Amino acid sequence: MRLAYDLIGSRETGAVAVVEVPEGADPMEVAEEIMRRHPQVKSVLRKAGGREGAYRTRPLEVIAGSNETEVVHREHGYRLKLDPRLVYFSPREATERQIVSELCRDGELILLMFAGVGPYAIAIARRRDAQVVGVEVNPVAVRYFRENVRINGLGWKVFPIEGDVAYVAPAMSGRFDRILMPLPLGAYSYVRYALAALAGGRGFVHFYYWGGSNALREAEDLFRREALSLGLEAKSIGHRIVSSYAPRVSKMRIDFSVRPAPLK
Ligand SMILES: C[S@@+](CC[C@H](N)C(=O)[O-])C[C@H]1O[C@@H](n2cnc3c(N)ncnc32)[C@H](O)[C@@H]1O
């Protein structure tokens with residue numbers, strides 16, 4: 001049987017499988033097949049809809065195994081405790097987290113908007129001698145974020161804040177060297193907060209965007225326009241397709257270098 005599923009968790013603590021049950025397939029057969037292939041799977045969760053709402057969670061139905069769906073996921077040497085029924089998490093983005101942490105530099109103060117359970121913050125703090133302030137609005141995700149900072153021993157480098165970026169970021173404006181904006185379907189509404197949070201109007205912003213074949217051009221144009229309206233100049237210095245969904249629909253990261261616009 002050809003099956004598309006994600007495993008979240010670990011051999012030590014058990015895992016959950018999140019599966020798209022193919023049309024016409026028997027969910028129980030699908031679940032049994034996954035549990036046979038991966039003995040660490042304690043629950044099989046079926047996707048019962050798309051990601052929705054501000055918290056970007058999706059309805060997941062337990063089709064086999066335990067109703068206890070909290071797990072400790074392991075990637076690249078760190079641990080992330082979470083319940084995929086209550087918070088956003090994608091194990092497929094582990095490589096993206098490593099690439100972003102590589103782009104960060106020692107000594108930086110970094111603002112992670114839309115932090116979730118903290119995977120970007122933890123990946124960066126493990127690799128770099130940098131401090132990361134993470135802002136997240138889902139209180140359950142913040143609870144896991146704090147716990148993840150603790151279990152990875154990073155309490156002196158990573159600082160979770162519960163709240164809406166639109167309210168929290170302005171209270172910290174003019175302080176950061178680098179900003180991450182991992183909310184592909186809405187980060188564009190928060191660009192002005194990111195730009196205002198840069199120290200002296202200078203630094204780097206990693207902007208995520210979701211779109212069709214024109215996505216890169218759209219994202220660059222809207223970001224540069226916002227920057228100019230604040231007297232800043234934004235230069236696109238790189239981009240990466242994080243994942244593709246349908247022909248020509250993708251989630252991408254665009255990297256900007258920002259500085260005060262030169263006087264004409
Ligand atoms: C696409 S998820 C990414 C989470 C995390 N960065 C990760 O990669 O696992 C976006 C996250 O942003 C949070 N969020 C959405 N709007 C927000 C806002 N206005 N302020 C703070 N967090 C927000 C959601 O609750 C969700 O956890």
Side-chain angles (χ1 to χ4, degrees), residues 6 8-9 16 18 47 49-60 70-76 78-101 103-104 110-126 132-149 152 154 158-173 176 178-194 196-197 205-211 240 242-243 245 250-254:
D6 285 331
I8 307 178
V16 296
V18 176
K47 291 182 186 173
R51 294 203 177 276
E52 55 192 28
Y55 298 168
R56 309 307 301 146
T57 48
R58 72 160 84 240
L60 295 173
E70 182 178 270
V71 289
V72 179
H73 185 72
R74 267 186 184 276
E75 61 178 40
H76 298 286
Y78 50 85
R79 289 173 295 156
L80 298 165
K81 195 180 210 182
L82 66 117
D83 185 333
R85 289 202 283 175
L86 305 177
V87 298
Y88 176 97
F89 180 71
S90 171
R92 296 183 195 189
E93 289 162 14
T95 302
E96 172 64 7
R97 297 188 254 283
Q98 289 308 299
I99 294 172
V100 167
S101 65
L103 294 173
C104 296
I110 298 167
L111 174 61
L112 169 62
M113 296 177 156
F114 322 115
V117 302
Y120 280 91
I122 287 163
I124 293 167
R126 292 254 318 173
V132 186
V133 174
V135 183
E136 168 58 47
V137 77
N138 174 354
V140 179
V142 176
R143 182 164 58 73
Y144 282 123
F145 185 9
R146 293 198 174 111
E147 173 78 353
N148 290 332
V149 170
N152 289 285
L154 293 169
V158 180
F159 308 97
I161 296 181
E162 180 176 340
D164 185 326
V165 159
Y167 296 102
V168 176
M172 300 186 290
S173 61
F176 294 91
R178 187 179 296 271
I179 323 267
L180 270 67
M181 306 183 74
L183 180 66
L185 270 177
Y188 56 84
S189 308
Y190 299 86
V191 170
R192 77 195 104 129
Y193 304 113
V205 181
H206 304 288
F207 176 57
Y208 288 77
Y209 193 75
W210 170 292
R240 175 173 186 262
V242 179
S243 38
Y245 291 85
S250 57
K251 169 153 112 181
M252 61 171 61
R253 184 193 75 243
I254 306 103

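What you are looking at is a predicted structure, and each value in this text was computed from that prediction instead of being measured. Computation of the quantities below employed the complete heavy-atom set of this structure, encompassing side-chain atoms and omitting hydrogens, waters and symmetry-equivalent molecules. Count residues from 1 along the sequence. Order of listing sets the numbers, starting from 1, for every ligand and every atom in it.
Taking every non-hydrogen atom of Tyr190 and a distance limit under 4.0 Å, the qualifying atoms of ligand 1 come out as 19 (N). Near Leu183, meaning under 4.0 Å from one of its heavy atoms, ligand 1 places the atoms 10 (C).
Put simply, CZ on Arg97 and CD on Glu75 are 4.0 Å apart, with the number rounded to the nearest 0.5 Å. Note that CG of Asp6 and NE2 of His73 are 9.0 Å apart. Values are rounded to the nearest 0.5 Å.
No side-chain donor from either of Ser90 and Tyr88 sits under 3.5 Å from a side-chain acceptor of the other.
Not a single heavy atom of Ala166 sits closer than 4.0 Å to an atom of ligand 1.
The pair Lys251-Glu96 fails the salt-bridge criterion, with no side-chain N (NZ, NE, NH1 or NH2) lying under 4.0 Å from an Asp/Glu carboxylate O.
The residue among Gly186, Pro119, Ala123, Ala54 with a heavy atom at the shortest distance from atom 15 (C) of ligand 1 is Ala54.
Between Asp164 and ligand 1, a contact under 3.5 Å exists for at least one N or O pair. Polar contact check, Pro184 against ligand 1: no nitrogen or oxygen pair lies under 3.5 Å apart. For ligand 1, the polar-atom distance check finds an N/O of Glu136 within less than 3.5 Å of one of the ligand's N/O atoms. At least one N or O atom of Phe114, backbone or side chain, sits closer than 3.5 Å to an N or O atom of ligand 1.
For Tyr188, the OH atom is loosely surrounded, since the number of other residues' heavy atoms within 6.0 Å does not exceed 12.
Nearest to atom 1 (C) of ligand 1 among the protein's heavy atoms is Pro182 O, 3.6 Å. What sits closest to atom 8 (O) of ligand 1 on the protein, heavy atoms only, is Tyr120 CE1, 3.3 Å.
A centroid separation of less than 6.0 Å is found between the aromatic rings of Phe114 and Tyr190.
By the criterion of a heavy-atom distance under 4.0 Å, neither the backbone nor the side chain of Ser90 is placed next to ligand 1.
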